[in-house]
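Throughout, a chain's letter reflects where its sequence line sits, starting with A, and its residues are numbered from 1.
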Amino acid sequence: MRHRTIHLFRKGLRLHDNPALLAALQSSEVVYPVYILDRAFMTSSMHIGALRWHFLLQSLEDLRSSLRQLGSCLLVIQGEYKSVVRDHVQKWNITQVTLGAEMEPFYKEMEANIRGLGEELGFQVLSLMGHSLYNTQRILELNGGTPPLTYKRFLRILSLLGDPEVPVRNPTAEDFQRCSPPELGLAECYGVPLPTDLKIPPESISPWRGGESEGLQRLEQHLADQGWVASFTKPKTVPNSLLPSTTGLSPYFSTGCLSVRSFFYRLSNIYAQAKHHSLPPVSLQGQLLWREFFYTVASATPNFTKMAGNPICLQIRWYEDAERLHKWKTAQTGFPWIDAIMTQLRQEGWIHHLARHAAACFLTRGDLWISWEEGMKVFEELLLDADYSINAGNWMWLSASAFFHHYTRIFCPVRFGRRTDPEGQYIRKYLPILKNFPSKYIYEPWTASEEEQKQAGCIIGSSDTVLRILLLITVKNNYGCEMEVPHFHHTSLLSVDSPSSPFFVNAPILV
DNA sequence: CTAGACGTTGCAGGC
DNA sequence: CGCCTGCAACGTCTA
(Lines give C-alpha, C1' and ligand atoms only; values in the text may rest on other atoms or scores of the structure.)
Protein backbone atom coordinates (compact mmCIF):
# COMPACT_ATOMS: atom_id res chain seq x y z
CA MET A 1 0.00 0.00 0.00
CA ARG A 2 1.24 3.48 -0.90
CA HIS A 3 0.61 6.02 1.86
CA ARG A 4 -0.54 9.57 1.76
CA THR A 5 1.89 10.97 4.29
CA ILE A 6 2.50 14.06 6.38
CA HIS A 7 6.13 14.24 7.40
CA LEU A 8 6.22 16.33 10.54
CA PHE A 9 9.44 18.28 11.13
CA ARG A 10 9.96 19.06 14.84
CA LYS A 11 13.69 18.99 15.42
CA GLY A 12 15.56 17.29 12.59
CA LEU A 13 15.33 20.41 10.40
CA ARG A 14 17.44 18.81 7.70
CA LEU A 15 17.31 16.55 4.69
CA HIS A 16 20.53 14.58 5.26
CA ASP A 17 20.43 11.58 7.61
CA ASN A 18 16.72 11.98 8.25
CA PRO A 19 15.38 8.42 8.67
CA ALA A 20 11.73 9.39 9.16
CA LEU A 21 11.69 11.61 6.07
CA LEU A 22 13.37 8.92 3.98
CA ALA A 23 10.86 6.32 5.20
CA ALA A 24 8.05 8.69 4.27
CA LEU A 25 9.40 9.09 0.74
CA GLN A 26 9.85 5.36 0.30
CA SER A 27 6.38 4.37 1.44
CA SER A 28 4.16 7.09 -0.03
CA GLU A 29 2.40 8.25 -3.16
CA VAL A 30 2.32 11.79 -1.79
CA VAL A 31 4.34 13.43 0.99
CA TYR A 32 3.40 16.70 2.67
CA PRO A 33 6.46 18.12 4.46
CA VAL A 34 4.98 20.08 7.37
CA TYR A 35 6.26 22.19 10.22
CA ILE A 36 3.59 23.08 12.77
CA LEU A 37 4.31 26.42 14.36
CA ASP A 38 2.31 26.01 17.56
CA ARG A 39 3.23 29.05 19.63
CA ALA A 40 1.11 28.02 22.61
CA PHE A 41 2.88 24.66 22.74
CA MET A 42 6.29 26.24 22.34
CA THR A 43 5.84 28.89 24.99
CA SER A 44 4.37 26.40 27.45
CA SER A 45 7.17 23.85 27.02
CA MET A 46 10.23 26.04 26.44
CA HIS A 47 11.49 29.56 26.99
CA ILE A 48 12.54 30.72 23.53
CA GLY A 49 14.17 34.12 23.21
CA ALA A 50 14.27 36.33 20.11
CA LEU A 51 17.59 34.99 18.84
CA ARG A 52 16.31 31.43 18.99
CA TRP A 53 13.19 32.45 17.04
CA HIS A 54 15.38 34.00 14.38
CA PHE A 55 17.49 30.87 14.19
CA LEU A 56 14.40 28.67 13.91
CA LEU A 57 12.81 30.78 11.17
CA GLN A 58 16.09 30.87 9.24
CA SER A 59 16.32 27.09 9.55
CA LEU A 60 12.79 26.69 8.22
CA GLU A 61 13.49 29.06 5.35
CA ASP A 62 16.58 27.02 4.44
CA LEU A 63 14.63 23.77 4.66
CA ARG A 64 11.90 25.23 2.44
CA SER A 65 14.45 26.27 -0.15
CA SER A 66 16.20 22.85 -0.12
CA LEU A 67 12.88 21.02 -0.49
CA ARG A 68 11.94 23.28 -3.40
CA GLN A 69 15.17 22.42 -5.16
CA LEU A 70 14.14 18.77 -4.97
CA GLY A 71 10.70 19.52 -6.40
CA SER A 72 8.79 19.65 -3.13
CA CYS A 73 8.11 22.39 -0.57
CA LEU A 74 7.73 23.07 3.14
CA LEU A 75 4.35 23.88 4.62
CA VAL A 76 4.61 25.93 7.81
CA ILE A 77 1.20 25.70 9.43
CA GLN A 78 0.43 27.89 12.42
CA GLY A 79 -1.99 26.77 15.08
CA GLU A 80 -2.59 24.33 17.89
CA TYR A 81 -0.90 21.13 16.76
CA LYS A 82 -3.72 18.68 17.48
CA SER A 83 -6.26 20.62 15.46
CA VAL A 84 -3.72 21.26 12.71
CA VAL A 85 -3.07 17.51 12.42
CA ARG A 86 -6.77 16.66 12.64
CA ASP A 87 -7.81 19.20 10.00
CA HIS A 88 -5.11 18.37 7.49
CA VAL A 89 -5.32 14.61 7.89
CA GLN A 90 -8.96 14.87 6.88
CA LYS A 91 -8.44 17.51 4.18
CA TRP A 92 -5.59 15.58 2.50
CA ASN A 93 -6.83 11.99 3.15
CA ILE A 94 -3.68 11.23 5.11
CA THR A 95 -2.90 7.59 5.96
CA GLN A 96 0.48 8.07 7.65
CA VAL A 97 2.31 10.62 9.78
CA THR A 98 6.10 10.31 10.04
CA LEU A 99 8.26 12.18 12.53
CA GLY A 100 11.59 12.04 14.31
CA ALA A 101 11.42 10.52 17.80
CA GLU A 102 12.40 12.95 20.55
CA MET A 103 13.07 12.35 24.22
CA GLU A 104 11.78 15.50 25.94
CA PRO A 105 8.60 14.88 27.95
CA PHE A 106 6.65 17.51 26.00
CA TYR A 107 7.68 16.05 22.65
CA LYS A 108 6.86 12.54 23.87
CA GLU A 109 3.45 13.78 24.93
CA MET A 110 2.98 15.33 21.50
CA GLU A 111 3.80 12.04 19.82
CA ALA A 112 1.38 10.18 22.12
CA ASN A 113 -1.35 12.68 21.28
CA ILE A 114 -0.70 12.28 17.56
CA ARG A 115 -0.86 8.49 17.97
CA GLY A 116 -4.19 8.98 19.74
CA LEU A 117 -5.44 11.00 16.77
CA GLY A 118 -4.15 8.25 14.49
CA GLU A 119 -6.30 5.65 16.20
CA GLU A 120 -9.28 7.94 16.07
CA LEU A 121 -8.89 9.05 12.45
CA GLY A 122 -7.29 5.92 11.05
CA PHE A 123 -3.75 6.94 10.11
CA GLN A 124 -0.49 5.26 11.02
CA VAL A 125 2.29 6.96 12.94
CA LEU A 126 5.92 6.15 12.22
CA SER A 127 8.51 7.72 14.50
CA LEU A 128 12.20 7.02 13.95
CA MET A 129 15.23 8.11 15.94
CA GLY A 130 17.45 10.60 14.25
CA HIS A 131 18.48 13.07 16.93
CA SER A 132 20.84 10.98 19.03
CA LEU A 133 23.64 8.51 18.35
CA TYR A 134 22.13 5.62 20.28
CA ASN A 135 18.77 4.41 21.44
CA THR A 136 19.17 5.49 25.06
CA GLN A 137 16.83 2.71 26.16
CA ARG A 138 19.46 0.15 25.13
CA ILE A 139 22.07 1.91 27.26
CA LEU A 140 19.77 1.82 30.28
CA GLU A 141 19.09 -1.88 29.81
CA LEU A 142 22.79 -2.70 29.62
CA ASN A 143 23.39 -0.72 32.80
CA GLY A 144 20.77 -2.69 34.71
CA GLY A 145 17.83 -0.36 34.15
CA THR A 146 19.33 2.77 35.68
CA PRO A 147 21.31 5.47 33.91
CA PRO A 148 25.11 5.47 34.31
CA LEU A 149 26.00 8.56 36.35
CA THR A 150 29.65 8.86 35.42
CA TYR A 151 31.09 9.36 31.98
CA LYS A 152 33.56 6.50 32.36
CA ARG A 153 30.84 4.05 33.16
CA PHE A 154 28.77 5.41 30.31
CA LEU A 155 31.68 4.79 27.91
CA ARG A 156 32.00 1.24 29.21
CA ILE A 157 28.36 0.57 28.32
CA LEU A 158 28.85 2.13 24.88
CA SER A 159 31.81 -0.17 24.24
CA LEU A 160 29.38 -3.08 24.63
CA LEU A 161 27.06 -1.51 22.08
CA GLY A 162 29.74 -0.73 19.51
CA ASP A 163 29.53 2.18 17.10
CA PRO A 164 26.20 3.95 16.55
CA GLU A 165 24.06 3.12 13.54
CA VAL A 166 25.37 4.60 10.32
CA PRO A 167 23.53 7.61 8.86
CA VAL A 168 20.84 6.95 6.24
CA ARG A 169 21.43 8.17 2.68
CA ASN A 170 20.44 11.62 1.46
CA PRO A 171 17.05 11.87 -0.23
CA THR A 172 17.30 12.64 -3.95
CA ALA A 173 15.18 14.47 -6.48
CA GLU A 174 14.12 11.00 -7.74
CA ASP A 175 12.84 10.10 -4.26
CA PHE A 176 10.69 13.20 -4.33
CA GLN A 177 9.58 12.62 -7.93
CA ARG A 178 8.35 9.11 -7.16
CA CYS A 179 5.75 10.55 -4.83
CA SER A 180 3.79 13.62 -5.72
CA PRO A 181 4.54 16.93 -4.06
CA PRO A 182 1.74 18.80 -2.30
CA GLU A 183 -0.77 20.52 -4.59
CA LEU A 184 0.36 23.70 -6.30
CA GLY A 185 -0.58 26.78 -4.36
CA LEU A 186 -0.32 25.17 -0.94
CA ALA A 187 3.26 26.36 -0.48
CA GLU A 188 2.10 29.95 -0.98
CA CYS A 189 -0.55 29.59 1.73
CA TYR A 190 1.88 28.08 4.21
CA GLY A 191 5.09 30.06 3.86
CA VAL A 192 7.69 30.68 6.55
CA PRO A 193 6.54 33.66 8.64
CA LEU A 194 8.74 36.70 9.06
CA PRO A 195 10.02 37.65 12.52
CA THR A 196 7.67 40.65 12.52
CA ASP A 197 4.71 38.33 11.87
CA LEU A 198 5.54 36.73 15.21
CA LYS A 199 6.17 40.11 16.89
CA ILE A 200 9.86 39.38 17.20
CA PRO A 201 12.39 42.21 16.73
CA PRO A 202 13.25 42.11 13.02
CA GLU A 203 17.03 42.33 13.31
CA SER A 204 19.40 39.84 14.87
CA ILE A 205 23.08 40.65 15.26
CA SER A 206 24.00 37.06 16.02
CA PRO A 207 26.77 35.74 13.77
CA TRP A 208 24.98 32.39 13.75
CA ARG A 209 22.55 31.85 10.94
CA GLY A 210 20.10 28.96 11.16
CA GLY A 211 19.71 26.19 8.63
CA GLU A 212 21.13 22.93 7.35
CA SER A 213 23.09 24.62 4.54
CA GLU A 214 24.87 26.99 6.89
CA GLY A 215 25.48 24.14 9.35
CA LEU A 216 26.99 21.88 6.68
CA GLN A 217 29.17 24.69 5.43
CA ARG A 218 30.52 25.38 8.91
CA LEU A 219 31.04 21.67 9.48
CA GLU A 220 33.07 21.31 6.29
CA GLN A 221 35.18 24.32 7.22
CA HIS A 222 36.16 22.72 10.51
CA LEU A 223 36.67 19.22 9.17
CA ALA A 224 39.03 20.56 6.51
CA ASP A 225 41.64 21.11 9.22
CA GLN A 226 42.24 17.45 9.99
CA GLY A 227 45.14 18.08 12.33
CA TRP A 228 43.01 20.39 14.45
CA VAL A 229 40.16 17.86 14.49
CA ALA A 230 42.40 14.96 15.50
CA SER A 231 44.16 16.80 18.29
CA PHE A 232 41.12 18.70 19.64
CA THR A 233 41.25 18.82 23.45
CA LYS A 234 38.28 20.60 24.97
CA PRO A 235 39.75 22.00 28.20
CA LYS A 236 42.59 23.54 26.20
CA THR A 237 40.31 25.60 24.01
CA VAL A 238 40.12 29.25 24.93
CA PRO A 239 36.89 30.52 26.49
CA ASN A 240 37.49 34.16 25.65
CA SER A 241 38.97 34.11 22.16
CA LEU A 242 37.43 36.74 19.90
CA LEU A 243 36.29 34.04 17.51
CA PRO A 244 35.04 30.67 18.83
CA SER A 245 37.91 28.32 19.62
CA THR A 246 35.58 25.32 19.39
CA THR A 247 33.47 24.27 16.40
CA GLY A 248 30.44 26.40 17.26
CA LEU A 249 28.26 23.73 15.67
CA SER A 250 26.09 23.19 18.74
CA PRO A 251 23.13 25.33 17.57
CA TYR A 252 22.91 23.17 14.45
CA PHE A 253 22.93 19.96 16.43
CA SER A 254 20.30 21.11 18.94
CA THR A 255 17.80 22.00 16.21
CA GLY A 256 18.83 18.99 14.14
CA CYS A 257 20.08 21.11 11.23
CA LEU A 258 23.07 18.77 11.47
CA SER A 259 23.08 15.06 12.18
CA VAL A 260 25.21 13.88 15.10
CA ARG A 261 25.60 10.49 13.45
CA SER A 262 26.99 11.99 10.26
CA PHE A 263 29.39 14.10 12.32
CA PHE A 264 30.40 11.08 14.41
CA TYR A 265 31.37 9.10 11.31
CA ARG A 266 33.13 12.03 9.67
CA LEU A 267 35.26 12.26 12.81
CA SER A 268 35.88 8.50 12.82
CA ASN A 269 37.22 8.74 9.27
CA ILE A 270 39.57 11.57 10.19
CA TYR A 271 40.77 9.71 13.28
CA ALA A 272 41.43 6.62 11.15
CA GLN A 273 43.75 8.62 8.92
CA ALA A 274 45.57 10.40 11.74
CA LYS A 275 48.65 9.05 13.48
CA HIS A 276 47.41 10.17 16.86
CA HIS A 277 44.10 11.57 17.95
CA SER A 278 42.62 12.75 21.22
CA LEU A 279 40.13 10.58 23.07
CA PRO A 280 36.91 11.04 25.05
CA PRO A 281 36.11 12.86 27.24
CA VAL A 282 38.15 15.69 25.73
CA SER A 283 38.06 14.82 22.01
CA LEU A 284 35.53 16.14 19.52
CA GLN A 285 33.85 12.74 19.38
CA GLY A 286 33.91 12.82 23.18
CA GLN A 287 31.79 15.98 23.03
CA LEU A 288 29.12 14.13 21.08
CA LEU A 289 29.22 11.40 23.70
CA TRP A 290 28.71 13.95 26.49
CA ARG A 291 25.55 14.99 24.69
CA GLU A 292 24.52 11.36 24.59
CA PHE A 293 25.40 10.95 28.26
CA PHE A 294 23.02 13.71 29.34
CA TYR A 295 20.30 12.44 27.01
CA THR A 296 20.57 9.03 28.63
CA VAL A 297 20.42 10.27 32.22
CA ALA A 298 17.63 12.73 31.42
CA SER A 299 15.53 10.04 29.76
CA ALA A 300 15.49 7.95 32.94
CA THR A 301 15.44 10.58 35.71
CA PRO A 302 12.16 12.00 36.97
CA ASN A 303 12.03 15.79 37.26
CA PHE A 304 15.41 16.05 35.54
CA THR A 305 15.09 19.79 34.98
CA LYS A 306 14.11 20.51 38.59
CA MET A 307 15.71 20.14 41.99
CA ALA A 308 12.57 19.05 43.84
CA GLY A 309 11.69 15.43 43.22
CA ASN A 310 14.89 14.83 41.27
CA PRO A 311 16.60 11.78 42.78
CA ILE A 312 20.10 12.57 41.48
CA CYS A 313 20.08 16.21 42.58
CA LEU A 314 21.39 17.54 45.87
CA GLN A 315 18.66 19.41 47.72
CA ILE A 316 20.09 22.81 48.54
CA ARG A 317 18.41 25.83 50.09
CA TRP A 318 19.33 28.32 47.41
CA TYR A 319 18.70 32.02 47.95
CA GLU A 320 15.74 33.57 46.23
CA ASP A 321 16.85 36.93 44.96
CA ALA A 322 15.13 38.25 41.88
CA GLU A 323 17.19 41.43 41.83
CA ARG A 324 20.60 39.76 41.81
CA LEU A 325 19.35 37.18 39.34
CA HIS A 326 18.31 40.02 37.05
CA LYS A 327 21.71 41.71 37.42
CA TRP A 328 23.46 38.48 36.51
CA LYS A 329 21.19 37.95 33.52
CA THR A 330 21.62 41.49 32.24
CA ALA A 331 25.42 41.65 32.66
CA GLN A 332 25.47 43.93 35.69
CA THR A 333 27.39 41.89 38.24
CA GLY A 334 30.30 44.32 38.23
CA PHE A 335 32.83 41.64 37.29
CA PRO A 336 33.87 42.50 33.70
CA TRP A 337 34.69 38.87 32.86
CA ILE A 338 31.23 37.68 33.92
CA ASP A 339 29.45 40.67 32.39
CA ALA A 340 31.29 40.27 29.07
CA ILE A 341 30.20 36.64 28.97
CA MET A 342 26.59 37.52 29.65
CA THR A 343 26.76 40.26 27.02
CA GLN A 344 28.05 37.88 24.37
CA LEU A 345 25.32 35.45 25.34
CA ARG A 346 22.63 38.11 24.98
CA GLN A 347 23.97 39.52 21.72
CA GLU A 348 25.04 36.38 19.91
CA GLY A 349 23.26 33.47 21.58
CA TRP A 350 26.48 31.52 21.99
CA ILE A 351 29.31 31.46 24.53
CA HIS A 352 32.20 29.07 25.03
CA HIS A 353 31.67 26.09 27.29
CA LEU A 354 34.13 27.33 29.92
CA ALA A 355 32.52 30.77 29.84
CA ARG A 356 29.26 29.00 30.64
CA HIS A 357 31.04 27.37 33.55
CA ALA A 358 32.29 30.70 34.86
CA ALA A 359 28.87 32.35 34.56
CA ALA A 360 27.03 29.34 36.01
CA CYS A 361 29.45 28.95 38.89
CA PHE A 362 29.08 32.65 39.67
CA LEU A 363 25.28 32.41 39.81
CA THR A 364 25.19 29.23 41.92
CA ARG A 365 27.84 27.83 44.21
CA GLY A 366 30.47 30.46 43.46
CA ASP A 367 28.95 33.77 44.42
CA LEU A 368 25.25 34.47 44.32
CA TRP A 369 24.00 31.12 45.68
CA ILE A 370 20.93 31.30 43.45
CA SER A 371 19.29 28.11 42.19
CA TRP A 372 20.64 26.46 39.05
CA GLU A 373 17.04 26.21 37.81
CA GLU A 374 16.96 30.00 37.37
CA GLY A 375 20.20 29.97 35.42
CA MET A 376 18.97 27.06 33.34
CA LYS A 377 15.89 29.06 32.31
CA VAL A 378 18.01 32.05 31.30
CA PHE A 379 20.32 29.85 29.19
CA GLU A 380 17.31 28.14 27.65
CA GLU A 381 15.99 31.49 26.53
CA LEU A 382 19.25 32.95 25.28
CA LEU A 383 21.37 30.07 23.99
CA LEU A 384 20.84 29.12 20.35
CA ASP A 385 21.97 25.62 21.23
CA ALA A 386 19.67 25.30 24.25
CA ASP A 387 18.89 21.65 24.77
CA TYR A 388 16.59 20.23 27.42
CA SER A 389 18.89 17.47 28.70
CA ILE A 390 22.28 19.06 28.21
CA ASN A 391 21.26 22.37 29.73
CA ALA A 392 19.77 20.87 32.89
CA GLY A 393 22.59 18.33 33.21
CA ASN A 394 25.32 20.94 32.98
CA TRP A 395 23.58 23.27 35.41
CA MET A 396 23.42 20.47 37.95
CA TRP A 397 27.07 19.77 37.24
CA LEU A 398 28.20 23.38 37.64
CA SER A 399 26.17 23.95 40.78
CA ALA A 400 27.62 20.72 42.21
CA SER A 401 24.09 19.34 42.53
CA ALA A 402 24.83 16.16 40.59
CA PHE A 403 27.67 14.49 38.63
CA PHE A 404 30.27 16.82 40.13
CA HIS A 405 30.80 17.40 43.83
CA HIS A 406 33.93 19.51 44.40
CA TYR A 407 31.98 22.59 45.27
CA THR A 408 35.00 24.22 46.84
CA ARG A 409 36.65 24.42 43.44
CA ILE A 410 35.39 27.81 42.39
CA PHE A 411 36.00 29.61 39.13
CA CYS A 412 37.37 32.97 40.17
CA PRO A 413 35.50 35.73 38.27
CA VAL A 414 38.72 37.74 38.08
CA ARG A 415 41.55 35.28 37.59
CA PHE A 416 39.95 32.57 35.49
CA GLY A 417 39.46 34.71 32.42
CA ARG A 418 42.78 36.50 32.86
CA ARG A 419 44.69 33.24 32.39
CA THR A 420 43.84 32.98 28.69
CA ASP A 421 43.26 36.66 27.87
CA PRO A 422 45.49 38.81 30.07
CA GLU A 423 44.97 41.89 27.87
CA GLY A 424 41.22 41.57 28.29
CA GLN A 425 40.47 41.82 24.55
CA TYR A 426 37.29 39.83 25.01
CA ILE A 427 36.13 42.22 27.73
CA ARG A 428 37.00 45.23 25.54
CA LYS A 429 34.92 43.78 22.70
CA TYR A 430 31.79 43.05 24.69
CA LEU A 431 32.03 45.87 27.26
CA PRO A 432 33.15 48.79 25.07
CA ILE A 433 32.92 51.13 28.05
CA LEU A 434 36.13 49.48 29.30
CA LYS A 435 37.83 49.62 25.90
CA ASN A 436 40.63 51.90 27.03
CA PHE A 437 41.10 50.55 30.51
CA PRO A 438 44.66 49.49 31.42
CA SER A 439 45.06 45.71 31.07
CA LYS A 440 46.43 45.54 34.57
CA TYR A 441 43.04 46.44 35.99
CA ILE A 442 40.58 45.34 33.36
CA TYR A 443 39.41 42.26 35.24
CA GLU A 444 38.98 44.27 38.44
CA PRO A 445 38.60 47.90 37.35
CA TRP A 446 37.64 49.07 40.82
CA THR A 447 41.26 48.58 41.88
CA ALA A 448 42.46 51.30 39.50
CA SER A 449 42.98 54.69 41.07
CA GLU A 450 40.48 57.41 40.37
CA GLU A 451 43.09 59.14 38.21
CA GLU A 452 43.65 56.02 36.13
CA GLN A 453 39.92 55.51 35.72
CA LYS A 454 39.57 59.10 34.54
CA GLN A 455 42.33 58.62 32.00
CA ALA A 456 40.62 55.53 30.65
CA GLY A 457 37.44 57.55 30.26
CA CYS A 458 35.35 55.40 32.51
CA ILE A 459 34.59 55.98 36.17
CA ILE A 460 33.81 52.65 37.73
CA GLY A 461 33.98 53.50 41.37
CA SER A 462 36.47 52.64 44.02
CA SER A 463 37.13 49.96 46.52
CA ASP A 464 40.00 49.26 48.82
CA THR A 465 39.12 45.69 49.40
CA VAL A 466 38.30 42.62 47.43
CA LEU A 467 37.21 40.06 49.91
CA ARG A 468 37.49 36.36 49.80
CA ILE A 469 35.11 35.27 52.45
CA LEU A 470 34.76 31.76 53.73
CA LEU A 471 31.18 31.10 54.67
CA LEU A 472 29.44 28.05 55.88
CA ILE A 473 26.35 27.11 53.95
CA THR A 474 23.87 24.50 55.07
CA VAL A 475 22.98 21.95 52.40
CA LYS A 476 20.95 18.80 52.49
CA ASN A 477 22.37 15.72 50.87
CA ASN A 478 20.57 12.92 49.04
CA TYR A 479 19.74 11.17 52.25
CA GLY A 480 18.12 14.21 53.79
CA CYS A 481 21.01 14.92 56.13
CA GLU A 482 21.81 18.57 56.64
CA MET A 483 25.45 19.52 56.73
CA GLU A 484 27.57 22.59 56.72
CA VAL A 485 29.92 23.06 53.80
CA PRO A 486 32.52 25.71 53.17
CA HIS A 487 31.63 28.19 50.51
CA PHE A 488 34.26 30.43 49.00
CA HIS A 489 32.83 33.71 48.11
CA HIS A 490 34.41 36.46 46.08
CA THR A 491 32.97 39.85 46.14
CA SER A 492 34.07 43.41 46.09
CA LEU A 493 33.14 46.30 48.28
CA LEU A 494 32.40 48.65 45.45
CA SER A 495 30.53 51.89 45.57
CA VAL A 496 28.91 53.12 42.41
CA ASP A 497 29.68 56.70 41.57
CA SER A 498 27.81 57.00 38.34
CA PRO A 499 24.26 55.71 38.05
CA SER A 500 24.74 55.45 34.29
CA SER A 501 27.52 52.95 34.74
CA PRO A 502 26.44 49.49 33.67
CA PHE A 503 28.46 48.06 36.53
CA PHE A 504 27.71 47.83 40.10
CA VAL A 505 28.24 45.28 42.76
CA ASN A 506 26.24 44.97 45.87
CA ALA A 507 28.49 44.45 48.77
CA PRO A 508 28.65 42.22 50.51
CA ILE A 509 26.53 39.92 48.37
CA LEU A 510 26.03 37.36 51.09
CA VAL A 511 25.57 38.51 54.63
C1' DC B 1 30.91 -2.31 56.95
C1' DT B 2 34.68 0.61 55.87
C1' DA B 3 38.57 2.40 53.49
C1' DG B 4 40.24 3.89 49.47
C1' DA B 5 39.87 5.17 44.69
C1' DC B 6 37.92 8.24 41.64
C1' DG B 7 35.93 12.24 39.14
C1' DT B 8 36.15 16.20 31.42
C1' DT B 9 38.40 21.50 32.37
C1' DG B 10 40.32 25.24 40.45
C1' DC B 11 44.02 27.66 42.33
C1' DA B 12 48.77 28.96 43.66
C1' DG B 13 53.33 28.46 43.24
C1' DG B 14 57.59 26.42 41.41
C1' DC B 15 60.44 25.07 37.64
C1' DC C 1 54.46 29.32 28.76
C1' DG C 2 53.47 24.51 29.82
C1' DC C 3 53.69 21.19 33.13
C1' DC C 4 54.17 19.71 37.68
C1' DT C 5 52.85 19.41 42.70
C1' DG C 6 50.43 20.46 46.85
C1' DC C 7 46.34 22.11 48.66
C1' DA C 8 41.95 20.52 50.87
C1' DA C 9 38.47 17.88 50.07
C1' DC C 10 33.17 16.67 48.17
C1' DG C 11 29.88 12.47 47.12
C1' DT C 12 29.68 8.04 45.04
C1' DC C 13 31.11 3.70 43.94
C1' DT C 14 33.64 -0.44 44.71
C1' DA C 15 36.86 -3.76 46.58
Between P on C:dG11 and CZ on A:R365, what's the gap in Å once rounded to a whole number?
14 Å
Assert yes or no for the condition that the ring centre distance of A:F55 to A:W208 is strictly below 6.0 Å.
no
For the ring pair A:W290 and A:W397, is the centre-to-centre distance below 6.0 Å?
yes
Using the P atom as the reference point in each nucleotide, state the distance between B:dC6 and C:dT5 in Å, no decimals.
16 Å
Is the distance between the ring centroids of A:F294 and A:F304 under 6.0 Å?
no
Euclidean distance, atom CZ of residue A:R153 to atom C1' of C:dG11 [Å, nearest integer]
16 Å
Does anything in residues 427-440 of chain A form a salt bridge (charged side-chain N to carboxylate O under 4.0 Å, His left out)? List the pairs, not counting sequence neighbours.
none
Does the separation of the ring centres of A:Y265 and A:Y271 fall below 6.0 angstrom?
no
Can you find a side-chain donor-acceptor pair between A:R356 and A:N394 that sits under 3.5 Å?
no
Show the distances under 3.5 angstrom between N or O atoms of the protein and N or O atoms of nucleotides 6-10 of chain B.
from: B:dG7; atom 1: OP1; to: A:K152; atom 2: NZ; distance (Å): 2.3
from: B:dG7; atom 1: N1; to: A:H406; atom 2: NE2; distance (Å): 2.9
from: B:dT8; atom 1: O2; to: A:P281; atom 2: O; distance (Å): 3.2
from: B:dT8; atom 1: N3; to: A:W290; atom 2: NE1; distance (Å): 3.2
from: B:dT9; atom 1: O2; to: A:P235; atom 2: N; distance (Å): 3.0
from: B:dT9; atom 1: O4; to: A:H353; atom 2: NE2; distance (Å): 2.9
from: B:dG10; atom 1: O3'; to: A:I410; atom 2: O; distance (Å): 2.9

Can you run through DNA chain C from 5' to 3' and write each base as (, ), [, ], | or . depending on how it pairs? Watson-Crick or G-U wobble, both distances under 3.5 Å.
.||||||..||||||
Mind checking whether A:W328 and A:F362 have ring centres under 6.0 Å apart?
no
Taking atom P in both C:dC7 and B:dT8, compute the distance separating them and give it to the nearest angstrom.
24 Å
Is the A:Y443 to A:F335 ring centre distance short of 6.0 Å?
no
